[in-house]
Asks: 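First, the structure itself, so that you have it in front of you.
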Amino acid sequence: MISYTRFTLDNGLKVIVHEDPSTPLACINILYDVGARDESPEQTGFAHLFEHLMFGGSINIPSYDTPLQEAGGENNAFTNNDITNYYLTLPAQNLETGFWLESDRMLSLAFSEKSLEVQRSVVIEEFKQRYLNQPYGDEWLLLRPLAYHVHPYRWATIGKEIKHIEDATMEDVKAFFHRFYLPSNAIMVVAGNVKHDDVKRLAEKWFAPIPSGKRPERKTIVEPEQTEPRRSTVHRDVPSDAIHKVYHMAARMDKEYHAQDLLSDVLGRGQSSRFYNALVKDRQLFTDLSAHVSGSFEKGLFVISGRLRNGVKPEEAEAGIQSEISRLLNEGISEQELSKVKNKAESTHVFGEVSVLNKAMNLAFGELLGDIEMVNTEIARLQAVTVTDVMQAAKSILREENCSTLYYLRAE
């Protein structure tokens, strides 16, 4: 069981404390309730740009990294379609340094033209290197708009196109910051060798004076049900052909989510999965083939992805995938097969909780999703899934009319 206490400052900042005296470290994890789904379709990539800008100096601290490193700490951040998450770890006796750093950049960034230009260049270069000039880099730039036609999940976190970041003005950047980077739109978890009373004192000292701001209202945009299969084929300079099949599935907190997650494990997690044994090992249609779920906060995607063995036609490889899906739908799965993937999922979850930083992140995610206790109930929810639940999940989502297929082929 992961123990925690929590309180909320008058400005709306939610604070969660997890005391773990077994470590000499402390971590501060600040989750902002903003991701790529909150962007305008004409100004994408802003949440990711801000992940970089937040390290470019704040109003009273021109360099974020230097004082943190001097205190023996390290930091990083990530952005996805749902959230932006910043975290640091440092020796517990230097905890206040972390409070000082994080509170100042929540109060206000420096907003210098130099910082904007530096970080804009970094993001543009990342877009080119990771998504445009790397083999298979643009797969999700193609898959998202194929699967989503209305929902803002239709663009990747990096953005739809480089031009959106190239054209971002200082006024655009300031408006995005003042809309989303607010105490009332954030959750802070402090974990490690800390005490609740000390954290509360430091939170009151460093964060309470920051103005609350008005928490943004998120518009609910529902992706219409997909009623016919969608297909796309592209040719790229890559070493081997690839196939991606994505199906619309449940949101992270929907009751069907865990059954659909375990279904992906049955089909395509690791070398004991059905896909690996039938299509990689036995029939040798693929060099690798896997299945996973996106885990999105709103309705997500069930993803099947594989690289074809040279000489195999994509139509033959796709037929192989479909034959395994049909076999599962017609023959079902055994209790033993389900038990195996449950145990693997449980061990992954348990090992993940060894890190105090992972515990801090999971507490923040649970709080944002409206159920902080999920850090302690996730294994029970997985173990409660039945064979019937998994088969219902398969019949519900593995339908051809619910599928978008991308052939990603070698240039001819």
Side-chain angles (χ1 to χ4, degrees), residues 9 11-15 28-40 43-71 73-80 82-88 90 96-127 157-159 164-189 202-203 205-216 364:
L9 299 180
N11 61 11
L13 178 66
K14 295 178 179 177
V15 184
I28 299 175
N29 188 92
I30 298 187
L31 185 156
Y32 288 93
D33 187 7
V34 56
R37 63 175 171 164
D38 297 297
E39 299 162 347
S40 161
Q43 289 185 318
T44 63
F46 270 55
H48 177 251
L49 175 63
F50 258 90
E51 177 196 321
H52 290 264
L53 282 171
M54 287 286 274
F55 293 100
S58 54
I59 193 166
N60 297 307
I61 306 171
S63 171
Y64 178 94
D65 286 332
T66 302
L68 181 62
Q69 289 168 357
E70 290 174 348
E74 56 186 23
N75 70 91
N76 214 325
F78 64 86
T79 314
N80 61 32
D82 295 308
I83 60 169
T84 307
N85 195 72
Y86 299 86
Y87 54 93
L88 64 84
L90 76 179
E96 188 162 7
T97 298
F99 274 80
W100 169 59
L101 288 165
E102 291 295 343
S103 63
D104 201 62
R105 65 178 179 178
M106 183 184 287
L107 173 65
S108 183
L109 292 183
F111 290 119
S112 70
E113 289 288 351
K114 179 182 178 182
S115 176
L116 176 57
E117 290 312 312
V118 167
Q119 299 307 329
R120 187 204 310 272
S121 297
V122 169
V123 171
I124 290 171
E125 189 61 27
E126 180 183 349
F127 201 128
T157 307
I158 194 71
H164 290 180
I165 298 302
E166 290 176 335
D167 293 347
T169 67
M170 182 62 76
E171 290 71 28
D172 295 332
V173 167
K174 286 183 177 180
F176 194 86
F177 178 86
H178 291 305
R179 183 180 178 199
F180 294 108
Y181 281 77
L182 309 167
S184 55
N185 201 45
I187 297 166
M188 178 168 70
V189 180
L202 291 171
K205 176 181 177 180
W206 290 105
F207 285 92
I210 302 174
S212 171
K214 184 180 179 183
R215 181 174 168 80

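Positions are given from 1 along the sequence. These values consider heavy atoms only, across backbone and side chains, with no hydrogens, waters or symmetry-generated copies.
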Asks: To the nearest 0.5 Å, what is the distance between CZ (Phe55) and CG (Leu68)?
Replies: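 Here the rounded value is 9.5 Å.
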Asks: Kindly indicate whether the side chain of Glu126, heavy atoms from C-beta on, has any atom under 4.5 Å from the side chain of Ile158.
Replies: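 In short, these two side chains touch, coming nearer than 4.5 Å.
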Asks: Assess the residue pair Asn29 and Tyr86 against the criterion (side-chain contact (heavy atoms from CB on, under 4.5 Å)); give the C-alpha distance rounded to whole Å, side-chain angles, the decisive distance to 0.1 Å, and a yes or no.
Replies: CA-CA 6 Å; Asn29 188 92; Tyr86 299 86; over 6 Å; no
Asks: How close do Phe78 and Ile83 get, counting heavy atoms only, and between which atoms?
Replies: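 Smallest heavy-atom distance, with atoms named: CE1-CD1, 4.0 Å.
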Asks: Atom CG in Asp82, atom CG in Leu31: separation rounded to 0.5 Å?
Replies: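 The distance works out to 10.0 Å.
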Asks: Which atoms form the tightest heavy-atom contact between Thr66 and Ser63, and what is the distance?
Replies: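 Closest approach of Thr66 to Ser63: OG1-OG, 2.9 Å.
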Asks: Taking the six-membered ring of Tyr181, is the NZ or CZ of Arg105 close enough (under 6.0 Å from the centre) and on axis enough (within 45°)?
Replies: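 Relative to the ring axis of Tyr181, which defines the angle, Arg105 lies outside at least one limit.
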Asks: For Leu107 and Phe177, which heavy atoms make the closest approach, and how far apart are they?
Replies: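 Taking Leu107 first and Phe177 second, the nearest heavy atoms are O-CE2, 4.3 Å.
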Asks: If a pair satisfies salt bridge (charged side-chain N to carboxylate O under 4.0 Å, His left out) and one of its residues is in residues 168-177, list it, with sequence neighbours excluded.
Replies: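 Qualifying pairs: none.
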Asks: Quick one: does Asn76's side chain get under 4.5 Å of Tyr87's, heavy atoms only?
Replies: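 Result yes, sub-4.5 Å side-chain heavy-atom pair found.
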Asks: I want to check something: taking the side chain as every heavy atom from C-beta on, are Leu13 and Val15 in contact at a cut-off of under 4.5 Å?
Replies: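 SC-SC contact between Leu13 and Val15 confirmed.
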Asks: Between CG of Asp104 and CD1 of Ile61, what distance do you get to the nearest 0.5 Å?
Replies: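 Separation between the atoms: 4.0 Å.
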Asks: When you look at CD of Glu74, are more than 12 heavy atoms from neighbouring residues, nucleotides or ligands closer to it than 6.0 Å?
Replies: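 No, the 6.0 Å shell around CD holds no more than 12 heavy atoms from other groups.
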Asks: Got a second to check how far Leu88's CG is from Ile30's CD1, nearest 0.5 Å?
Replies: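 Between Leu88 CG and Ile30 CD1, I get 8.0 Å after rounding to 0.5 Å.
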Asks: Can you give me the closest heavy-atom contact between Thr169 and Leu116, atom names plus distance?
Replies: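 Minimum heavy-atom contact is C-CD2, 4.3 Å.
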Asks: I need the minimum non-hydrogen distance between Leu101 and Pro67, along with the two atoms involved.
Replies: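 Closest heavy-atom pair between Leu101 and Pro67: CD2-CG, 3.7 Å.
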Asks: For residues Glu102 and Tyr64, is any side-chain donor paired with an opposing acceptor at under 3.5 Å?
Replies: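 Yes - a donor-acceptor pair under 3.5 Å links their side chains.
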Asks: With a 3.5 Å cut-off and no angle check, do the side chains of Glu39 and Thr44 form a donor-acceptor pair?
Replies: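 There is no such pair between these side chains.
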Asks: Does any N or O in the side chain of Asp38 come within less than 3.5 Å of the main-chain N or O of Gly35, such that one atom is a donor and the other an acceptor?
Replies: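 Side chain of Asp38 to backbone of Gly35: a pair is present.
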Asks: Closer than 3.5 angstrom, by distance alone: can the side chain of Arg179 be matched with the main-chain N or O of Pro216 as a donor-acceptor pair?
Replies: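 Here the side-chain-to-backbone pair does not exist.
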Asks: Could you go through residues 206-214 and list every donor-acceptor pair under 3.5 Å that involves a side-chain atom there, pairing it with any protein atom two or more places apart or in another chain?
Replies:
unit_1	atom_1	unit_2	atom_2	d
Trp206	NE1	Glu96	OE2	2.9
Ser212	OG	Asn11	O	2.9

Asks: Run the salt bridge (Lys or Arg N to Asp or Glu O under 4.0 Å) test on Arg120 and Glu117 for me, step by step, so that the C-alpha distance in whole Å, both residues' side-chain angles and the decisive distance to 0.1 Å come before the verdict.
Replies: CA-CA 5 Å; Arg120 187 204 310 272; Glu117 290 312 312; 2.8 Å; yes
Asks: Using the benzene-type ring in the case of Trp, are the ring centres of Phe180 and Tyr32 under 6.0 Å apart?
Replies: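 No, the ring of Phe180 stays outside the 6.0 Å limit from the ring of Tyr32, centre to centre.
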Asks: With a 4.5 Å cut-off on side-chain heavy atoms, are Leu53 and Ser115 touching?
Replies: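 They are in contact (side-chain heavy atoms under 4.5 Å apart), so the answer is yes.
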Asks: Ignoring hydrogens and geometry, is there a side-chain-to-backbone donor-acceptor pair from Asn185 to Asp33 under 3.5 Å?
Replies: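 Here the side-chain-to-backbone pair exists.
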Asks: How far apart are the closest heavy atoms of Ala364 and Ile187, and which atoms are they?
Replies: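 Reported closest heavy-atom pair: O-CD1, 3.8 Å.
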Asks: Where the side chain of Ser103 meets the backbone of Phe99, is there a donor-acceptor pair that is under 3.5 Å apart?
Replies: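 Yes; at least one donor-acceptor contact below 3.5 Å.
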Asks: Please test Leu109 against Ile59 for side-chain contact (heavy atoms from CB on, under 4.5 Å), starting from the C-alpha separation and ending with a verdict.
Replies: CA-CA 5 Å; Leu109 292 183; Ile59 193 166; over 6 Å; no
Asks: Is there side-chain contact between Met188 and Lys14, with at least one heavy-atom pair below 4.5 Å?
Replies: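 Side-chain contact under 4.5 Å: no.
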Asks: Where the side chain of Glu51 meets the backbone of Thr79, is there a donor-acceptor pair that is under 3.5 Å apart?
Replies: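 Answer holds: yes.
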